[in-house]
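For reference, the structure discussed in these notes is given below.
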Amino acid sequence: MPVHIVGESRLLRDMFLAICQSNDYQIGTCCDELSTLAGLGIDDLVLYYSHETGPELVEELRQFKEGNDASLLILIMGRECSTSMQTALSAYAEAVIPQRKSAEALIAALRVVQSGYRIVPSDISAALRAADVTTSGGDRAAETLSTAPPPELELAETVPADRINGSLPQSGSGATVSTDLRRMPASAAACGLSGREWLILTKLIDGATNKSIANELSICEATVKVHLRTCFRKIGAKNRTQAAIWASEQFLS
């Protein structure tokens, strides 16, 4: 999956380029305007830096999505913006991330979006966690936003085939999460999670199955199920999707 980097500042573009290359991402186009990109498909992910926070940016993203609806967009905000504005932007971007976040948080967001999830404002994600989200049979959960009518939030337990080829990036096409990104944040430790439980939760972000987790950690599948039930109880999740969303939020907290 190639990553296209867009932003007015050449310095910031070079910084994002270095971060992506150091994590083995394939780089596509680097340019200063979003409108330069056209005809992107499901194998394209756009990393867009903007210092704007007003309705002009919402319109710019809307126009981009009209011509590149299948591609994935991560927006990095150069200024603070209200939750309502983040909500409006989230109608057209799979993730909206403040500039103050670390390089590790950016790569974590790339992985989350690559795996078929969206990173939404905290008020929406809290509502989703409170809802009884069904993940079997490719069901979707939609949340009505007060500021703009968004597309449905993709919350499939496995990666939708019409969005991304495969649940995990293949060799040479994506990044492997580094050991640093697997370190348990303080917010997870505060919930009483053990190191093993946190590691298993991060595997859910990758779309891993119980069997693949068991094989990777050299434990039996039944043990994975026990760990997951304990994790769900500790973090207040009702299913794998809610747990994956919760874990992804801890990377960005």
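Side-chain atoms of Leu75 and Leu61, non-hydrogen and from C-beta on, do get closer than 4.5 Å to each other. Residues Val6 and Thr29 form no side-chain contact, since every pair of their non-hydrogen atoms from C-beta on lies 4.5 Å or further apart. Arg13 has its side chain out of reach of Leu17: every pair of non-hydrogen atoms, C-beta onward, lies at least 4.5 Å apart. Side-chain contact between Leu45 and Ser71 is absent, with no heavy atoms from C-beta onward closer than 4.5 Å. Residues Ile107 and Tyr25 meet the side-chain proximity criterion, which asks for heavy atoms closer than 4.5 Å. With a 4.5 Å cut-off on side-chain heavy atoms, Ile27 and Pro2 do not count as touching. Looking at Leu217 and Leu199, their side chains come closer than 4.5 Å, going by heavy atoms from C-beta outward. The shortest distance between side-chain heavy atoms of Leu89 and Met77 falls below 4.5 Å.
Evaluation of the salt bridge (Lys or Arg N to Asp or Glu O under 4.0 Å) rule for Lys225 yields no partner, not counting sequence neighbours. Glu59 is linked by a side chain to side chain contact (heavy atoms under 4.5 Å, CB included) to Arg62, Gln63, counting only residues two or more places apart in sequence or in another chain. Judged as a salt bridge (Lys or Arg N to Asp or Glu O under 4.0 Å), and not counting sequence neighbours, Glu52 has no contacts. Here His4 pairs with Asp44 under the side chain to side chain donor-acceptor pair (under 3.5 Å) rule; sequence neighbours left out. Residues passing the salt bridge (Lys or Arg N to Asp or Glu O under 4.0 Å) test with Glu8: none are found, sequence neighbours excluded. Here Gln21 pairs with nothing under the side chain to side chain donor-acceptor pair (under 3.5 Å) rule; sequence neighbours left out. Under the salt bridge (Lys or Arg N to Asp or Glu O under 4.0 Å) criterion, Asp14 pairs with Arg10, sequence neighbours left out. Ser212 meets the side chain to side chain donor-acceptor pair (under 3.5 Å) test with Thr209; sequence neighbours excluded. With sequence neighbours left out, the side chain to side chain contact (heavy atoms under 4.5 Å, CB included) criterion links Ala188 to Met184, Pro185, Leu193, Trp198, Trp246. Qualifying side chain to side chain donor-acceptor pair (under 3.5 Å) partners for Asn68, counting only residues two or more places apart in sequence or in other chains: none.
Taking all atoms of both residues into account, the shortest heavy-atom contact from Ile245 to Ser248 is O-OG, 2.7 Å. Counting all heavy atoms, side chain and backbone alike, Ala243 lies closest to Ala237 at N-CB, 3.8 Å. Taking every heavy atom of both residues into account, Val113 and Ala95 meet most closely at CG2-CB, 3.9 Å.
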Practice prompt. Could you please spell out the steps behind the side chain to side chain contact (heavy atoms under 4.5 Å, CB included) verdict for Cys20 and Leu110?
Written response: CA-CA 9 Å; Cys20 291; Leu110 284 168; 4.3 Å; yes

Worksheet item: How far apart are the C-alpha atoms of Glu66 and Tyr92, what are their side-chain angles, what is the distance that settles it, and do they pass the side-chain hydrogen bond (donor to acceptor under 3.5 Å, both in side chains) test?
Response: CA-CA 10 Å; Glu66 280 188 352; Tyr92 306 104; over 6 Å; no

Item to complete: Start with the C-alpha distance between Leu228 and Leu204, add both sets of side-chain angles, then the distance that settles side chain to side chain contact (heavy atoms under 4.5 Å, CB included), and finish with yes or no.
Response: CA-CA 10 Å; Leu228 285 176; Leu204 297 186; 3.9 Å; yes

Item to complete: Apply side chain to side chain contact (heavy atoms under 4.5 Å, CB included) to the pair Val224 and Ile219, showing each step before the final yes or no.
Response: CA-CA 7 Å; Val224 175; Ile219 58 179; 3.7 Å; yes

Fill in: Worked check of side chain to side chain contact (heavy atoms under 4.5 Å, CB included) between Phe64 and Leu73
CA-CA 10 Å; Phe64 172 77; Leu73 176 64; 4.3 Å; yes

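Note that OH of Tyr49 is 13.5 Å distant from CD1 of Ile97, once rounded to the nearest 0.5 Å. To the nearest 0.5 Å, atoms CG (Leu201) and CD1 (Ile235) are separated by 5.0 Å. The CG atom of Leu72 sits 5.0 Å away from the CD atom of Glu94 when rounded to the nearest 0.5 Å. If you take CG on Asn239 and CD on Gln242, they are separated by 4.5 Å, rounding to the nearest 0.5 Å. Here the OG-NE2 distance, from Ser9 to His51, works out to 10.5 Å after rounding to the nearest 0.5 Å. Between the SG atom of Cys30 and the CD1 atom of Ile5 there is a distance of 4.5 Å, given to the nearest 0.5 Å.
Listed by first and then second residue, the salt bridge (charged side-chain N to carboxylate O under 4.0 Å, His left out) pairs that reach into residues 191-200 are Glu197-Lys234, sequence neighbours excluded.
Under the 3.5 Å distance criterion, the side-chain polar atoms of Ser22 are matched with a main-chain donor or acceptor of Ala18. A distance-only check finds no donor-acceptor pair linking the side chain of Lys65 to the backbone of Glu60 [under 3.5 Å].
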Indicate every side-chain donor-acceptor pair of residues 31-41 with a distance under 3.5 Å to a residue at least two apart or in another chain.
residue, atom, partner, partner atom, Å
Glu33, OE1, Ser35, OG, 3.4
Thr36, OG1, Glu33, O, 3.2

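Looking at Arg111 and Asn23, their side chains never bring a donor and an acceptor atom within 3.5 Å of each other.
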